[in-house]
Amino acid sequence: MQNYGVIMAGGIGSRFWPMSRTEYPKQFHDVLGMGKSLIQMTFERLTKICPAENILVVTNELYFDLVKKQLPLIDEKRILLEPCMRNTAPCIAYANFKIAAECENANIIVAPSDHLILNESEFVDTIQIAFDQAETAGSLVTLGIKPSRPDTGYGYIEFEKEGARNTRSVKDVIQFREKPDVATAEEFLGEGNYFWNSGIFIWTLRDIQKAFQKDLRDVYEAFSQGTAKYNTPEEKTFIESMYPNCSNISIDYGIMEKSDAVQVILSDFGWSDLGTWGSLYTHIDKDVNDNAIVGKNVLMYDSQDNMVKITTDKLVVLQGLQDYIVVETEAAFMVVKKSDEQKIKSIVNDLKESDRKEFT
């Protein structure tokens, strides 16, 4: 009963535009055509680690109804509403104080709402190792994913090959590296001690609160002002008044990159953050020409290696395309080279700046 799960579900997923939009972001979509949204799969996965009543969802207040509809088992008090976007550190701090109000000895796993994990039994075993490490060593633990390719869409974790605290799967972290270019990513794979940064964290409440006090004291003190208000009718008003003034900073930059107590568990359980159309392409069944197609009425001619997602029932005919992303929704139609998919986020920003926010 001391295990708690925190699902971060406030992002917009702009790199998955036009399917993912502000009013209905990707974590609420059945991206893979499996009959479940990404957040539903995340919730079910965490129930294998901690009781359902110990799972909290931190999301934007815009998505309260979506969370309630898709996760009917979750109590409304477990849905933490952010009045504005302030990155992952405030999101996690909010959950920490909510948990502290009822269980000071909690073990916590923090997970994004939009990840794909194919081997869930291996995932559960890995989390148990992480909980044990967090409790016995006082470590802030993250999961590193064994890279299968020199991907430029992920951050990387460099870890110590040898060390007093190292075991076969648990390593001390040297540093976190930002998303690299192709040449640097290839260099990382050649070195052998770089894994993808999964963005999944495991720690004890005690140790993560100490880390906030040390490295993000302003965030810690902002939330500590409401200690007596969590899980009371006063919580909502306190969060709405305090949150907009809170630092906009990620947990990676604010704490993980500064702490000397960070360890990584080397993992391989079929993970993808499904952050881009290209990452989705790798998980969709392909036709004989390596086209990944999600849609009822799509005809392909003389086309290879494309990612096609059609959300309506209209007939779509494509001819002569190679290595493209084609996405059609009721609001928008997009054709982008797979090699240029990182530009999709820029397209969304352009739409916002050109008074076309209704399409974002």
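Keep in mind that the numbers below use all heavy atoms, side chains included, and drop hydrogens, waters and symmetry copies.
Shown here is Gln175, whose CD atom has more than 12 heavy atoms of other residues, nucleotides or ligands within 6.0 Å. When the shell of 6.0 Å around CD of Glu104 is examined, it contains 12 or fewer heavy atoms from other residues, nucleotides or ligands. The number of heavy atoms from other shown groups lying within 6.0 Å of NZ (Lys286) is above 12. Shown here is Arg356, whose CZ atom has no more than 12 heavy atoms of other residues, nucleotides or ligands within 6.0 Å.
Note on residues 238-258: pairs passing side-chain hydrogen bond (donor to acceptor under 3.5 Å, both in side chains), not counting sequence neighbours, are Glu82-Tyr243, Asn197-Asp252, Asp218-Ser247, Lys236-Glu240. Sorted by first and then second residue, the pairs that involve residues 314-326 and meet salt bridge (charged side-chain N to carboxylate O under 4.0 Å, His left out), not counting sequence neighbours, are Lys314-Glu328, Asp323-Lys338.
Pairing each heavy atom of Ala134 with each of Thr204, the nearest pair is O-CG2, 3.9 Å. Pairing each heavy atom of Thr152 with each of Asp181, the nearest pair is CG2-C, 3.6 Å. Counting all heavy atoms, side chain and backbone alike, Ile200 lies closest to Pro112 at CG1-CD, 4.1 Å. The minimum heavy-atom distance between Arg21 and Ala331, with the atom names listed, is NH1-CB, 3.1 Å. Across all non-hydrogen atoms, the minimal contact from His283 to Leu32 is CB-CD2, 4.2 Å. Looking at every heavy atom in both residues, Leu140 comes nearest to Ser259 through CD1-OG, 3.9 Å.
By the 4.5 Å heavy-atom criterion applied to side chains, Lys68 and Glu76 are counted as neighbours. Counting heavy atoms from C-beta on, the side chains of Thr88 and Met8 come closer than 4.5 Å. Within the 4.5 Å cutoff, no side-chain heavy atoms of Lys48 are placed close to those of Ile127. Residues Thr237 and Glu234 fail the side-chain proximity criterion, which asks for heavy atoms closer than 4.5 Å. Looking at Leu38 and Phe28, their side chains never come closer than 4.5 Å, going by heavy atoms from C-beta outward. Counting only heavy atoms from C-beta outward, the side chains of Arg177 and Glu158 approach each other to under 4.5 Å. Looking at Ile265 and Gln263, their side chains never come closer than 4.5 Å, going by heavy atoms from C-beta outward. Contact annotation: the side chain of Asn291 never approaches that of Asp305 to less than 4.5 Å [non-hydrogen atoms, C-beta and beyond].
Lys161 places no side-chain N or O within donor-acceptor distance of the main-chain N or O of Phe159, the cut-off being under 3.5 Å. Proximity of a side-chain donor or acceptor of Asp75 to a complementary backbone N or O of Lys77 within less than 3.5 Å is detected. Side-chain atoms of Ser20 never come within 3.5 Å of backbone atoms of Pro25 as a donor-acceptor pair (strictly under, hydrogens ignored). Put simply, the side chain of Ser37 never gets that close to the backbone of His29: no donor and acceptor are under 3.5 Å apart. Using a distance-only test at 3.5 Å, with no hydrogens or angles considered, a donor-acceptor pair links the side chain of Arg86 to the main chain of Cys246. Glu341 contributes a side-chain N or O that, together with a main-chain N or O of Gly278, makes up a donor-acceptor pair within less than 3.5 Å. A donor-acceptor pair is defined here as one N or O able to donate and one able to accept, closer than 3.5 Å; no such pair exists between the side chain of Asn60 and the backbone of Tyr63. With hydrogens and angles disregarded, a donor-acceptor distance shorter than 3.5 Å links the side chain of Asp151 to the backbone of Gly153. Between the side chain of Asp30 and the backbone N or O of Gly35, at least one donor-acceptor pair lies under 3.5 Å. A donor-acceptor pair under 3.5 Å is formed between the side chain of Gln27 and the backbone N or O of Gly11.
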>> Using the rule given for side-chain contact (heavy atoms from CB on, under 4.5 Å), can you reason through Ile344 versus Phe16, listing the C-alpha separation, both sets of side-chain angles and the distance that settles it, and then say yes or no?
In response: CA-CA 8 Å; Ile344 294 175; Phe16 247 104; over 6 Å; no
> Hey, mind stepping through Glu102 and Arg78 against salt bridge (charged side-chain N to carboxylate O under 4.0 Å, His left out) and telling me if it holds?
Replying inline: CA-CA 12 Å; Glu102 60 185 68; Arg78 296 307 205 201; 2.8 Å; yes
>> Determine whether Phe195 and Tyr156 satisfy the following criterion, ring pair (Phe, Tyr, Trp, His ring centres under 6.0 Å), listing intermediate values before the conclusion.
In response: CA-CA 6 Å; Phe195 272 36; Tyr156 286 71; 9.5 Å; no
>> I'd like to know whether Glu235 forms a salt bridge (charged side-chain N to carboxylate O under 4.0 Å, His left out) with Lys229, so could you lay out the CA-CA distance, the side-chain angles of the two residues, the decisive distance to 0.1 Å, and finally the verdict.
In response: CA-CA 5 Å; Glu235 177 182 333; Lys229 300 176 182 178; over 6 Å; no
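Taking the centre and axis of the six-membered ring of Tyr4, the NZ or CZ atom of Lys98 falls outside the cone set by 45° and 6.0 Å.
Annotation: Tyr154 is in aromatic contact with Trp271 [ring centroid separation under 6.0 Å]. Under the 6.0 Å cut-off for aromatic ring centres, Tyr220 and Phe212 do not qualify, their centroids lying 6.0 Å or more apart.
Checked by atom type, the side-chain pair Asn107/Gln2 shows no donor-acceptor distance below 3.5 Å. Counting only N and O atoms by type, the side chains of Asn349 and Glu353 include no donor and acceptor under 3.5 Å apart.
By the 30° and 60° cut-offs, the orientation of the rings of Phe201 relative to Trp203 is parallel.
Lys296 is linked by a salt bridge (Lys or Arg N to Asp or Glu O under 4.0 Å) to Asp313, counting only residues two or more places apart in sequence or in another chain.
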